[in-house]
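All residue numbers refer to positions in the sequence shown, counting from 1. Because the structure is a prediction, the values reported are computed rather than measured. As the structure lists them, so they are numbered: ligands from 1, and atoms in each ligand from 1.
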Amino acid sequence: MCLALLGLSWGMWDLFAHVFAFPGGNKGLCGVMKLLSLSWGRPCAAPSGSPCTPPGSWMACCVCPTVTPCPQPSRAVPFPAWDPRPAHLSRLSGKCFSLVESTYKYELCPFHNVTQHEQTFRWNAYSGILGIWHEWEITNNTFRGMWMRDGDACQSRSRQSKVELTCGKSNRLAHVSEPSTCVYALTFETPLVCHPHSLLVYPTLPTVLQQRWDQLEQDLVDELITAQGYEKSLRAIFEDAGYLKTSEPSESAQRDRATKDLQFETLESCQEAHKALSQEIERLQGVLTHHGVPYGKPAETPSSEHWGPQTPTAGIAEPLRGDPGLRGDTL
Ligand SMILES: *[C@@H]1O[C@H](CO)[C@@H](O)[C@H](O)[C@H]1NC(C)=O
Ligand SMILES: *[C@@H]1O[C@H](CO)[C@@H](O)[C@H](O)[C@H]1NC(C)=O
């Protein structure tokens, strides 16, 4: 028996997909799947199709013309314009600036690398990399310098350089020093940082990250998070902006694993859900931290069994406020 189901409407197909839970449905694959036929206990007959239900049930025969991995809400692609360069400084990239000091010529290519070339006719003149673009140093919400790391080996480590941007009449590599062995300090002058606000981080962030930061400030004032939690969340914002390298790859890997089983039709819905979940996690962690309740990483409690009926829910924050008895009562 073979039911011809060509032309099945999308709504019905959705229902079907949910009822039969075809493989691929939870493998993070998106695609316009076309159902060719449905039969009981019989393999897929259509040459171009392949089975899309588990064996031993109704056999659906499908073609998947454009199956691509679903956009996952990962840190790697949080926003369309993921870029470590604040807009007003981006015009420095692709350019290089050099400085000759005693026997060395130093070259700085902002957002790319720092190199050093010995100015001599010796056959073995040193020429090497003092650092490759890594991340910003941010303190007090201000861009303090560009870190260029993983340069050429130097004793047991690799060379690294910190480039400080200061106001100057023209773009110029003004000074190079080596404050400690194999760590270089460069001063780069540019008119691009002469405005008193030009090195502030907040104005350079996309709106969605500014809103997260606003919320963070509010949570700090409301004592929903500790100063430590604030610092951590702020760092996450800078990481999402691309200004800092992700510090805990294992944590984001866990997050990716946790979200792997969710499937979304569009990148927008992925991002929406991810944002909502992240905010909820942050908020709940804030509540727990606030009350001194130790907690594990989300991945360590994959099922709700651990928590039983006392799973913290959205409504619990208010009653807990100022209630130091939480720990004894519930855990
Ligand atoms: C340094 O960066 C510049 C600009 O991107 C590039 O042309 C050059 O090849 C790089 N040098 C090294 C040694 O990577
Ligand atoms: C932090 O930055 C603000 C604004 O630029 C400045 O007024 C303040 O003095 C700075 N504080 C510290 C401790 O550097």
Participant: Is it true that E137 and W147 share a donor-acceptor pair across their side chains at a distance under 3.5 Å?
Facilitator: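 Result is yes, a qualifying pair exists.
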Participant: Which residues end up grouped with I132 if you chain together Ile, Leu, Val, Met, Phe, Trp and Tyr wherever their side-chain heavy atoms are less than 4.5 Å apart?
Facilitator: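 Noted: I132 shares its cluster with I129.
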Participant: Under a 4.0 Å heavy-atom cut-off, what residues line ligand 1?
Facilitator: C109, H112, N113, T115, I129
Participant: Taking the six-membered ring for Trp, are the ring centroids of Y243 and F143 within less than 6.0 Å of each other?
Facilitator: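 Yes, the ring centres sit under 6.0 Å apart.
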Participant: With clusters built from Ile, Leu, Val, Met, Phe, Trp and Tyr whose side-chain heavy atoms come within less than 4.5 Å, directly or transitively, what are the remaining members of the cluster of V221, listed by chain and number?
Facilitator: none
Participant: Do any pairs count as a ring pair (Phe, Tyr, Trp, His ring centres under 6.0 Å) and have a residue in residues 152-191, sequence neighbours left out, and if so which ones?
Facilitator: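 For residues 152-191, and leaving out neighbouring residues, the ring pair (Phe, Tyr, Trp, His ring centres under 6.0 Å) pairs sorted by first residue read F97-F188.
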Participant: When you compare the side chains of Q215 and D219, does any donor N or O come within less than 3.5 Å of an acceptor on the partner?
Facilitator: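 Looking only at side-chain atoms, D219 and Q215 do form a donor-acceptor pair, the distance falling under 3.5 Å.
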